[in-house]
2 protein chains.
Amino acid sequence: MAGGQRRVLELAVLGSLHETPLHGYELRKRLNTLLGMFRAFSYGSLYPCLRSLLEQGLIAEEQPAQATIVGGRSKIVYKLTAEGKERLQELLTQAGPSAWEDESFGVHFAFFRHTEAEVRLRILEGRRSRLEERLDSVRTALARTRERLDSYTLELQRHGLESVEREVRWLNELIATERRASERGPATDTTSSDE
Amino acid sequence: MAGGQRRVLELAVLGSLHETPLHGYELRKRLNTLLGMFRAFSYGSLYPCLRSLLEQGLIAEEQPAQATIVGGRSKIVYKLTAEGKERLQELLTQAGPSAWEDESFGVHFAFFRHTEAEVRLRILEGRRSRLEERLDSVRTALARTRERLDSYTLELQRHGLESVEREVRWLNELIATERRASERGPATDTTSSDE
DNA sequence: GCGTCGATGTATCGAGCCGATACATCCAGA
DNA sequence: TCTGGATGTATCGGCTCGATACATCGACGC
């Protein structure tokens, strides 16, 4: 995916480990539960990502001295380092245009609890305009098409457009809620220091 | 994607060229219009696919003798060969489990006009059970999660589940329509020889 | 005429994702 | 005791995508 996508996985891993140390298998399950229908990470990307994060010093292996280990089974539990926490804050704050793409948005959203209100709003609005752009381009492309499309293709289009429109409406509601909340208590920081 | 996904692009290309010869740029535009919100193919996959299809003899370059070419601009127009048509029929008929994955379903659906009624039903039902499986696994994973999730994560889950449930309902309607049509006129072949 | 901008057009590359797979342990039930 | 399924770490090949390069064309202003 040309570089930009690894960031999403990094965010997902760092965000998960921020709450509690985990090992690979558990991390994957947790991530896939957290993201539900939106995304499913595979080992083929997860393990390389963990190695990379380890090399960057953003995560570290936890000492197996803890009684946490059930049998004598080999298990590598990772925890966030101080640098990792900084990096996480950075990723959460500097959410750019990539944050409103399909693959990234869900991950960012899943960690909104740790995100500043201002950034939350920026991501939601960015996502919305991204979807609206797409709606426009598909609609104009459709209008420009001379030949008549068969009923199946039309039905596919209709359903596709409808579900995106629905997501836009969902975003509108979320944005309205965010706005209302920030008007009510502008200084309220949902995050501050959780856990 | 482990091998199986190139098939989808092949199907998309062969299916498009079945209707009219096209060159790369136009093919991509057409495909992205056809699939609307579902998929967008990039040149990075389209051109290698065209080359592969050419090598397999499933498509051929059309003679530039035709007046179709506007200027003297280099343009490579591809058309379906007889073998290509056979292959297309094969792909349309032998739609297996891969046809009901996210990336493939839309493409198969977009060419339902050329697909036998029996296969259409199989694909729709396969897609439905695929989605229901996913709903189940997410719901049980969610139920098994001890710790309470924050409101953002819950909202993400809710929205994700809802949109998949909506797609299931959509499929139910389509399946019912297909069933009704095949009861009414079981021998009716929508395809036979189009164009 | 001339520059420039956007659409049209073909093509490739590196980064990186994913499904499949291999290998191993643990536990519950037949 | 054996078998199957969950747990657990790890890698590989095939493939996709965004970015990019390069080039031509028509339209526009000046």
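All of these numbers come straight from a predicted model, not from anything done at the bench. Below, read A as the first sequence line, B as the second, and so on, with proteins coming before strands; counting in each chain starts at 1.
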Inset, instruction - Decide yes or no on salt bridge (Lys or Arg N to Asp or Glu O under 4.0 Å) for B:Asp102 and B:Arg39, but give the supporting numbers first. - result: CA-CA 9 Å; B:Asp102 290 341; B:Arg39 267 203 85 132; over 6 Å; no

Value in whole Å for how far the [atom2] atom of [N] lies from [atom1] of [X]:
X	N	atom1	atom2	result
B:Leu50	C:dA11	CG	C1'	11 Å
A:Arg7	D:dC17	CZ	C1'	18 Å
A:Glu61	D:dA10	CD	C1'	14 Å
A:Leu22	D:dT7	CG	C1'	14 Å
A:Glu103	D:dT16	CD	P	16 Å
A:Lys75	D:dA10	NZ	C1'	17 Å
B:Leu46	C:dG9	CG	P	14 Å
A:Asp102	D:dG18	CG	P	10 Å

Any donor and acceptor pair, going by atom type alone, linking the side chain of [X] with main-chain N or O of [Y] inside 3.5 Å?
X	Y	value
B:Ser52	B:Pro48	no
B:Thr81	B:Ala60	no
A:Arg122	A:Ala95	yes

Legend entry - Spatial distance of atom CZ (B:Arg144) from atom CZ (B:Arg139) [nearest 0.5 Å]: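 Going from CZ on B:Arg144 over to CZ on B:Arg139, the span is 14.5 Å.
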
Legend entry - Heavy-atom side-chain contact between A:Glu19 and A:Arg113 under 4.5 Å: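 A side-chain contact exists here, since the closest heavy-atom pair is under 4.5 Å.
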
What residues from [range] pass a heavy-atom cutoff of under 4.0 Å to DNA chain C?
range	result
residues 36-44 of chain B	B:Tyr43, B:Gly44
residues 125-140 of chain A	none
residues 23-33 of chain A	none

Legend entry - Distance test, side-chain N/O of B:Arg51 to OP1/OP2 of C:dT12, below 4.0 Å: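 For C:dT12, OP1 or OP2 has a side-chain N or O of B:Arg51 closer than 4.0 Å.
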
Legend entry - C:dT10 OP1/OP2 closer than 4.0 Å to side-chain N/O of B:Tyr47: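 So the side chain of B:Tyr47 is within the cut-off, an N or O lying under 4.0 Å from OP1 or OP2 of C:dT10.
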
[Y] and [X] aromatic ring geometry - parallel, tilted or perpendicular at 30°/60° bounds:
X	Y	value
A:Tyr25	A:His23	parallel
B:His18	B:His114	perpendicular
A:His159	B:Trp170	parallel

Legend entry - Side chains of A:Ser129 and A:Glu133, donor plus acceptor under 3.5 Å: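 Result is no, nothing qualifies.
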
Legend entry - NZ or CZ of B:Arg28 within 45° of B:Phe41 ring axis and under 6.0 Å: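 Output no; distance or angle outside limits.
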
Inset, instruction - Report which part of the nucleic acid B:Ile76 touches: base, sugar-phosphate, or nothing (heavy-atom distance under 4.0 Å, all strands). - result: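 Since only primed, P, OP1 and OP2 atoms lie under 4.0 Å of B:Ile76, the category is sugar-phosphate.
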
